[in-house]
Amino acid sequence: MSIIAQVQQSTINSLSALFGQTFTEKDFQVNQTKPEFEGDYTVVLFSLVKSLKQSPDALGKLLGDHLVANNPTLFTQYNIIKGFLNLTVSDNYWLDMLNQHHNDACFGKKALNGQRVMVEYSSPNTNKPLHLGHLRNNFLGWSVAEIFKANGYEVFKTCIVNDRGIHICKSMIAWQLFANGATPQSTNNKGDHFVGDYYVKFNDEYKRQVEELITTGKTKDEAEKEAPIMKATQQMLLDWEAGKPEVMDLWRTMNGWVYDGFDITYKNIGSDFDKTYYESNTYLLGKATVEKGLQQNVFYKEADNSVWIDLEKDGLDKKIVQRKDGTSVYITQDIGLAMQKYDEYKIDQSIYVIGDEQNYHMKVLKLICQKLGLPYADSIYHLSYGMVELPTGKMKSREGTVVDADDIVNEMELVAKEKTEELGKVNDFTNEELTQLFHTIGLGALKFFLLRVDPKKKMIFNPQESIDFHGFTAPFIQFNHARIRSILRKFELNGEWSMVNGFLPLEKELIVALEQYPLILEQACAEMNPSAIAIYVYQVAKTFSSFYTEHSIANAESEEKKQLRLRLAEMTANVIKSGMQLLGVAVPERM
RNA sequence: GGUCCGGUAGCUCAGUUGGAUAGAGCAUCAGCCUUCUAAGCUGAGGGUCAUUGGUUCGAAUCCAAUCCGGAUCACCA
């Protein structure tokens, strides 16, 4: 049980004994004591004052005396300042905690709880390579999945690949028109980039044709509809849906190129999936749903044969669920896919990592599922995250301001290389070890930069700042891990030790922080928020760094102190490694 | 226009089931490497928590109004 829970419980017990009233942990607040006051944890008394008809000072005195008298192994003393009851936790409590967990790589992690959770993330289109926005999505989804695992859930990572549709046909048409049979192999280009280039070519040519038509007197709308390349693309989509062999062949070939490229990127950034769904397999899934909805009168049919749902009573709009030609739209496919996921995995919770631009869509999806009475409807959760923007504004593929995922990872690794060589601490590494280290540092810095911000908020990616390896960054945390490992390679922990003179302030600060790790893991899971871990791990590393500078471990004042500090260092390294692992960031032994 | 989200230091962000003098990093300035890795440490300056009103022992946090920014409201996905 965490110390904060023990403070809550003992306070509840004392209040019950003193006043004969029953309280819960929600009736009063327990905070970590501010550094300028004496004590470790603080009970805020104000909320209790009214119902107990006591002044804050009188209540504090009664409660403080009772707590210390009845929990002698937990509390040693207390003080009251303006309605805040500051409790000092006994050194023995902290020592027990340290002895129990300093060597525990699984500290804070929970046993299986029988719940099954699915996390869908990444969800790329196969017409262009991944960019910075996808990276935030990938890192978030992967991390949230790991955080759920650490909290005892059985987790399934999934990905829906948007591998069909008009946007895919655009790349295909452009390839037919301009490629002269070129392939990724013949041009020595990564497959996803190769195909993405033709998507760009399509847009260039489309724009050119539209302008040309406008000069012949067409309106913009007419020109956009009549541009030959657009008509060809629309025809290709029809051919695809009809299964025309040469179109299917080209589609399979080009998607294959893209998948080859994605595989490299995913492997490089450490994304993995237990199951991949393809839109080309799911896009017809809505049909049965539409039938069911019509029978239940959840949906209704318009005169032109299109099918709708009216969500106006729920504060939303009317939404189409099937076109007049009988084909299903995006939302309908999603209902089908949700159904399929549930049937296959019998999940208790289904999390969708999707940008906040689709908040409305996801609200509609869940609402429709609920109205259809589907068993999994309430378990749908949209983990909505904000867009990544540049200092110059939004990323726009048409204006070439998109930060490519492969490029940015490479750049980060390059910066890691430069800085490492500058410092010259690992000159004895082999080339292989160096490559691995640059990857660990560069990719780690990028992941941490994207995960340290609250997912819900949009964030600004400043290329200059992101490559800073100082301060609130992964390299700083990795550096502290490496410093600890360096010490632990040199000195043995002695099995027999005892403590003599109590903790120094920085020792105390560190051990108090370490004790909080299990709570942070719970919080990060409840909020589906990796940034809680990022902030916490940084706090731990920072505290250790001050401690490290101030107090020598190797040349401690006494053998007891040395043993204490070695254990503190070891536990710090374990917590850093564990927390960073949940963010997908590795920590090196040396750097 | 409807709905939703946001506005905290020069910049990027923490902090919101209401708690003590609002915190970090970057940037700026001043110190610190014969001792365990200086990707570091210590200190300084920097704030009308968008604005106004309300709720109360107490508000960055809750409520209302206003201003500003963004997303969304397709027979696109």
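Numbered from 1 within each chain, the chains take letters A, B, ... in sequence-line order. Only this structure's heavy atoms are used, side chains among them; waters, hydrogens and symmetry mates stay out. Just so you know, these numbers come straight off a predicted model, no measurement behind them.
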Identify each donor-acceptor pair in which a side-chain atom of residues 310-321 of chain A lies under 3.5 Å from a protein atom, sequence neighbours left out, and give them as a table.
{"residue": "A/Asp310", "atom": "OD1", "partner": "A/Glu312", "partner atom": "N", "Å": "2.9"}
{"residue": "A/Asp314", "atom": "OD2", "partner": "A/Lys371", "partner atom": "NZ", "Å": "3.2"}
{"residue": "A/Asp317", "atom": "OD2", "partner": "A/Tyr360", "partner atom": "OH", "Å": "2.9"}

For this session: Going 5' to 3' through nucleotides 72-77 of chain B, assign each nucleotide B (protein heavy atom under 4.0 Å from a base atom), S (under 4.0 Å only from sugar-phosphate atoms) or - (no protein heavy atom that close).
Result: SS-BSB
Look for any protein N or O under 3.5 Å of an N or O in nucleotides 58-63 of chain B and output each such pair with its distance, or none.
none

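- Counting any heavy atom pair closer than 4.0 Å across all strands shown, A/Lys490 reaches sugar-phosphate atoms only and no base atom.
- Distances shorter than 4.0 Å separate none of the side-chain N or O atoms of A/Arg489 from OP1 or OP2 on B/C36.
- Using a 4.0 Å heavy-atom distance criterion, A/Thr420 is classed as a base contact.
- Across all strands shown, A/Ile460 has heavy atoms under 4.0 Å from sugar-phosphate atoms exclusively, and none from any base.
- Salt-bridge formation is detected for the pair A/Glu224/A/Lys220: a Lys NZ or Arg NE/NH1/NH2 atom is positioned less than 4.0 Å from an Asp or Glu carboxylate oxygen.
- Taking side-chain N and O atoms only, A/Ser486 has no distance below 4.0 Å to OP1 or OP2 of B/C36.
- Atom NE2 in A/His551 sits roughly 16 Å away from atom C1' in B/U35 (whole-Å rounding).
- The side chain to side chain donor-acceptor pair (under 3.5 Å) pairs that include a residue from residues 45-57 of chain A number zero, where partners must be two or more places apart or lie in different chains.
- Taking the charged nitrogens against the carboxylate oxygens, A/Glu433 and A/Arg590 have no contact shorter than 4.0 Å, which rules out a salt bridge.
- Distance CG (A/Leu367) to C1' (B/U3): 14 Å, rounded to an integer number of Å.
- The nearest heavy atom of RNA chain B to A/Leu437 and to A/Lys26 marks one nucleotide each, and the one closer to the 5' end goes with A/Lys26.
- A/Ile553 comes within contact range of at least one nucleobase, with a heavy-atom separation under 4.0 Å.
- In this structure, A/Met591 reaches the bases: a heavy-atom distance under 4.0 Å links it to at least one base atom across the strands shown.
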Seminar exercise, completed: Per-nucleotide protein contact along nucleotides 19-29 of chain B, 5' to 3', at a 4.0 Å heavy-atom cut-off (B base, S sugar-phosphate only, - neither), is BBS--SSS---
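- In this entry the distance linking CG of A/Leu506 with C1' of B/C36 reads 16 Å, nearest Å.
- Secondary-structure stems of RNA chain B, taken as three or more successive Watson-Crick or G-U wobble pairs (i with j, i+1 with j-1) under a 3.5 Å distance threshold, comprise B:1-7 with B:67-73, B:10-13 with B:23-26, B:28-32 with B:40-44, B:50-54 with B:62-66.
- Applying the 90° criterion around 0 to the glycosidic angle, B/C29 comes out anti.
- Rounded to an integer number of Å, the gap from A/Phe469 CZ to B/A38 P is 19 Å.
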